[in-house]
Amino acid sequence: MKGRRTRSSFLLIAGLMIYFLLNTPETGHAMHIMEGYLPVGWSLFWWAAFLPFFFLGLRSIRRIVKERPEFKLLLGVAGAFAFVLSALKIPSVTGSSSHPTGTGLGSILFGPWVMAVLGSLVLLFQALLLAHGGLTTLGANAFSMAVVGPVVAYGVYRLVAGRLGKQKIGIFLAAALADLSTYLVTSVQLALAFPAASGGIAASFAKFAGIFALTQVPLAISEGLLTVLVWNWLQAY
Amino acid sequence: MIGRIDTLAYGSRLRNLPPVHKLLFAIGALVLALVSHPLVQALLFVWMSLWITVYARVPWRIYVLVVSASLAFLLAGAPALLIEIAGGQEWSPTDSVWASWQLGGWVFYVTEAGLTRVGILAARSLTALSCFSFLLFTVPFAEILQVLRKIGVPSILTDLMMIMYRFVFVLLETAEQMWTAQKARGGHGGLSETLKDAGRLVFQLFTRSMIRYRQMYISMTARGFLDDFRVIGYSTHVRSKRYESEAVAGLLLLLMLEWWTGG
Amino acid sequence: MKDVNAKATASETTELLRFSDVRYTYPGAGHPALSGLSLTVPQGKKCVLLGHNGCGKSTLFLHANGILRPQHGEVLWKGSPIGNDRASLFALKQRIGLVFQDPEQQLIATTVAEDLSYGLCNLKLPDAMIREKLEGVMERFQMTEWAEMPLHHLSLGQKRRVALAGVMVMEPELLLLDEPTAYLDQGQTQSFVQELERIHTAGTTILMATHDVDLAFAWADWIFVMEKGQLVLEGVPEAVFSDRDRLAGLQLRIPAVYEVWQALPDALREQVDADCIPRTSAELAARLRAVSNQADRYESVVMQK
Amino acid sequence: MKDVNAKATASETTELLRFSDVRYTYPGAGHPALSGLSLTVPQGKKCVLLGHNGCGKSTLFLHANGILRPQHGEVLWKGSPIGNDRASLFALKQRIGLVFQDPEQQLIATTVAEDLSYGLCNLKLPDAMIREKLEGVMERFQMTEWAEMPLHHLSLGQKRRVALAGVMVMEPELLLLDEPTAYLDQGQTQSFVQELERIHTAGTTILMATHDVDLAFAWADWIFVMEKGQLVLEGVPEAVFSDRDRLAGLQLRIPAVYEVWQALPDALREQVDADCIPRTSAELAARLRAVSNQADRYESVVMQK
């Protein structure tokens with residue numbers, strides 16, 4: 001039973017991290033807000049918005065680890081797995097790249113708060129080993145990719161797979177919507193920091209969202225499909 | 001790229017300076033980059049690049065590569081920042097317009113204020129990036145971890161980071177070898193084949209990760225694992241008067257310049 | 001034995017694959033992995049590649065197979081340079097089969113049959129032909145009964161055989177093997193070598209990298225020794241292993257049987273048949289025993305008289 | 001040589017670790033991994049464990065170290081059974097060091113020095129003492145200069161040494177090694193064996209699993225052979241490898257040097273010194289050469305007369 005749970009939790013991360021696959025090092029930071037891009041005020045704001053979730057995650061990890069010390073090892077492997085997928089040079093469908101909201105689906109089993117920790121560690125590694133994103137913008141990036149994405153994925157999966165009993169559709173939607181929500185949140189973050197001269201925040205949001213939609217919408221769909229594909233494989237063996 | 005930054009950090013000429021000093025310096029410079037004005041930022045950028053390419057002897061090609069890769073984000077966002085949109089009838093710009101285009105009932109235009117804003121943003125981002133790069137290229141991950149342990153970051157986090165770091169390179173090697181093996185067997189033919197191969201690789205990598213996890217758990221138990229991954233670092237750091245004085249004096253000088261010109 | 005400075009190697013046989021002054025440095029590495037490697041694999045021979053870990057063996061294999069492209073110099077297949085276009089590289093991968101050190105990394109699919117079909121599917125052959133070839137190879141390698149087994153249920157020896165079969169099903173003209181016997185026990189090693197013997201007899205040239213000099217001496221027709229990204233020694237086994245000083249400098253042991261053979265008293269060696277050097281300790285022991293039996297018989301004859 | 005059915009083994013030495021009729025079947029496995037294993041590791045000896053892949057060697061190691069607990073039978077440390085409680089299992093892990101086949105599996109920290117300290121930190125020793133032991137072991141294993149290197153920058157041979165050092169820093173009384181020389185080249189193997197020699201001289205008992213019978217013959221004081229989860233043969237190397245029929249049944253090769261030695265004509269063997277069997281082919285060759293030189297000198301003396 002324990003083995004099964006471990007396996008299925010890992011499996012979910014695997015699925016979620018699929019779109020990491022579409023994230024090539026060359027263009028991979030399309031959705032990682034770069035170092036220094038946000039003004040000081042907004043950097044601090046997003047750090048402050050992210051940290052409570054992070055601490056919630058730490059608390060629940062501590063609770064699990066007390067019971068099962070090896071859980072730490074499992075989380076570490078899961079994080080490394082996610083990071084490696086994101087770092088592989090693999091051409092994607094659209095020729096563009098994705099971003100790591102995929103942590104979202106891991107939340108289905110670990111719970112979204114654990115993913116807030118794991119996802120932000122993956123982001124930190126991307127910053128330190130690949131120079132994707134940055135330190136001052138880590139709060140903003142983590143908020144969109146390690147908090148909102150997982151929460152959306154968790155909610156969607158619970159609703160569709162739990163209430164409606166449609167597991168595969170649930171997984172597809174969870175992966176795709178987690179991806180989309182991350183991209184929308186990033187657009188909001190940018191719009192808030194840089195309101196348009198004409199039309200203000202709303203206009204700015206429309207512009208940022210419009211630009212990134214070119215790559216992010218097809219990605220969200222293909223990621224949903226790939227996640228289901230890998231899910232099927234994992235189920236079969 | 002992966003592993004390159006890490007390897008360069010271990011081989012950097014500033015490797016032996018105490019990591020705490022380097023971290024403080026990088027963070028101080030980063031804060032200054034975020035709050036200062038373009039003139040100071042430009043000087044700071046040049047100075048940090050000097051630290052990276054001359055003092056630390058990081059190959060300039062790689063430094064340029066890192067900087068230009070991050071610029072992709074700047075470029076992608078630039079249109080949204082530059083181009084303003086208004087309905088044709090009510091268009092009465094308050095700022096001076098640099099260029100404009102009429103399309104259907106809409107006007108697309110770029111203002112000089114918008115250009116300035118992007119210029120300021122670019123200066124800040126680039127400077128901040130150079131400070132961040134200093135940290136990347138001169139402080140190896142292991143030492144960042146040591147500092148985190150020293151300043152009391154919860155062990156659950158440092159443990160997780162340590163395990164992740166270790167597995168990243170183990171799994172990366174596995175993934176690379178599998179990718180090569182696929183190529184050697186005539187894989188990666190077209191787009192759909194490549195995607196399928198990628199899916200296979202993810203699945204296989206997942207299986208290997210599970211096996212690794214189980215093996216590691218067994219061998220850690222053999223090494224006396226109870227509930228903790230405590231380790232003790234071994235470091236031979238040498239302070240350098242020359243670098244310390246340049247860092248402190250430089251930062252103070254730039255701070256004074258900022259106060260004098262910007263204030 | 002010829003030094004590498006001497007003229008081209010096996011002039012009596014056709015050349016199959018030739019490296020001509022190939023240099024390659026991995027991006028970010030301090031020193032080159034191949035630093036002017038020139039080497040010719042003769043057709044139809046069983047070749048062994050010796051050398052330390054890190055001497056450039058794997059880099060050589062990746063060049064042979066077209067996965068890495070030389071930064072300087074060229075790789076020639078049957079005398080003509082390998083093109084840089086996708087089609088000719090793809091064709092090359094079909095002609096040259098590469099078996100990796102760790103079968104875990106080479107096996108891609110989930111079941112044995114699926115993995116064996118991977119290369120064939122990449123060739124876009126018709127399904128019927130794939131199925132036919134698949135059945136053929138499974139029979140030849142005696143793995144029909146585990147066709148549907150998931151790969152992670154196999155033992156290491158079985159995995160190695162699947163990896164080999166998955167390459168051989170493509171019917172390559174040259175087979176490259178990277179340390180195929182590591183971690184295998186003796187029964188497994190023996191059956192693996194028998195497999196190779198069959199493959200060679202069927203007409204495939206083989207180049208195997210190994211650290212096992214005893215195996216190299218027993219099996220090879222031709223031996224290459226690499227150091228620091230260059231070929232430093234090549235020749236027939238007896239010749240390569242005669243150069244004691246050179247081998248000591250390369251930290252290579254002399255094969256046990258050859259070491260002892262050379263140290264035997266001349267008289268005894270003559271009796272055993274000096275022209276034909278024994279290749280394994282079992283062979284030497286058998287011949288020594290035959291000689292002493294003769295001697296015994298001779299003695300007893302003398303005594304009776 | 002004694003058969004396992006005969007009475008207790010090395011009665012002249014103290015027993016260190018004893019398996020008494022241990023049975024173990026992995027959950028879900030069809031057949032037992034250990035099926036009534038009885039085996040005694042004598043203190044202070046260099047022991048080798050031979051046997052096929054899948055004969056139960058790894059399971060034996062995991063039992064020795066207390067990671068697996070026997071489903072039947074017991075494991076005794078210096079004559080007393082190992083307790084089931086956390087404290088005594090923890091103490092056991094300190095006394096018995098286990099080096100796994102794949103060093104990647106065993107190394108956890110970011111740098112060499114940090115990894116070496118891991119076991120010590122688990123003992124909750126004071127920092128100063130840990131640091132002292134750390135420096136000692138790094139000096140002994142000559143790795144001070146790579147102390148701060150990240151593990152993924154090391155070669156396989158170096159990783160193996162770090163894995164070994166990380167176990168030796170705990171000063172175990174018994175060291176278990178699972179195929180420590182696979183994939184190593186000859187230089188690396190040699191320096192690894194020298195390391196083991198030092199460790200043994202310093203008082204640690206060693207039990208090494210390997211497929212390399214030549215290494216086993218050259219190095220071991222005592223050899224165990226396992227098959228199908230049981231001990232089937234044990235004794236000093238000369239004795240174990242004399243039983244040709246038995247070995248053939250177990251698919252074990254006879255060490256090259258021993259094979260040839262036994263086949264040498266009696267007269268020659270006598271000259272070389274029949275009482276002291278050479279352990280390596282180099283040793284045998286050197287002794288043969290010394291004999292022929294003597295013979296030459298003798299002949300020339302005779303001729304002069």
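Here is the naming used below: chain letters follow the sequence lines, and residue numbers restart at 1 for every chain. Worth knowing before you read on, the calculation uses all heavy atoms, side chains too, and leaves out hydrogens, waters and symmetry mates.
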- Query: Is it true that D:Asp127 and B:Arg230 make a salt bridge, defined as a side-chain N closer than 4.0 Å to a carboxylate O?
  - Reply: yes
- Query: Under a 4.5 Å heavy-atom cut-off, does chain B meet the side chain of D:Gln94, its backbone, both or neither?
  - Reply: neither
- Task: For residues B:Met220 and D:Asn122, determine if any side-chain heavy atom of one lies less than 4.5 Å from a side-chain heavy atom of the other.
- Result: no
- D:Arg69 atom CZ, over 12 foreign heavy atoms within 6.0 Å: yes
- For the residue pair D:Met149 and B:Tyr10, establish whether any side-chain heavy-atom pair is separated by less than 4.5 Å. no
- Task: List the steps and the verdict of side-chain contact (heavy atoms from CB on, under 4.5 Å) for D:Glu104 and B:Thr174.
- Result: CA-CA 11 Å; D:Glu104 295 288 4; B:Thr174 310; over 6 Å; no
- With a cut-off of 6.0 Å (strictly less than), are more than 12 heavy atoms of other residues, nucleotides or ligands near CZ of B:Arg13? no
- Message: Nearest 0.5 angstrom please: B:Arg223 CZ to D:Asn65 CG, how far?
- Response: 12.0 Å
- Verdict with reasoning, D:Gln101 to B:Gln215, per side-chain contact (heavy atoms from CB on, under 4.5 Å): CA-CA 11 Å; D:Gln101 190 167 296; B:Gln215 285 179 337; over 6 Å; no
- Look up atom CD1 in B:Ile232 and atom CG in D:Asp115, then write down how far apart they are to the nearest 0.5 Å. 13.5 Å
- Query: Quick one: are B:Ile218 and D:Phe100 in side-chain contact, heavy atoms under 4.5 Å?
  - Reply: yes
- Query: Does the separation of the ring centres of B:Tyr165 and D:His152 fall below 6.0 angstrom?
  - Reply: yes
- Quick one: pull up OG in B:Ser219 and CG in D:Leu62 and give me the separation to the nearest 0.5 Å. 10.0 Å
- D:Thr111 side, atom OG1; B:Phe141 side, atom CZ - distance, nearest 0.5 Å: 11.5 Å
- Between B:Gln146 and D:Glu114, do the side chains contain an N or O donor and an N or O acceptor separated by less than 3.5 Å? yes
- pair B:Leu145-D:Thr110: side-chain heavy atoms closer than 4.5 Å: yes
- Item | Contact origin within B:Arg212 toward chain D - heavy atom pairs under 4.5 Å | side chain
- Under the ring-ring contact (aromatic ring centres under 6.0 Å, His included) test, which residues partner B:His21, sequence neighbours left out? none
- Message: So for atom CZ, which belongs to B:Arg61, do other residues, nucleotides or ligands contribute more than 12 heavy atoms lying within a distance under 6.0 Å?
- Response: no
- With a 4.0 Å cut-off, would you call D:Glu148 and B:Arg15 a salt bridge? yes
- Just wondering, more than 12 heavy atoms not from D:Gln142 lying within 6.0 Å of its CD? no
- Note on the structure: Cut-off 4.5 Å, heavy atoms of chain B, and the answer for D:Ile130 is side chain
- Query: Is atom CD of D:Glu132 surrounded by more than 12 heavy atoms (other residues, nucleotides or ligands) closer than 6.0 Å?
  - Reply: no
- Task: Please report the closest heavy-atom contact between D:His153 and B:Thr7, naming both atoms and the distance.
- Result: NE2-OG1, 3.5 Å
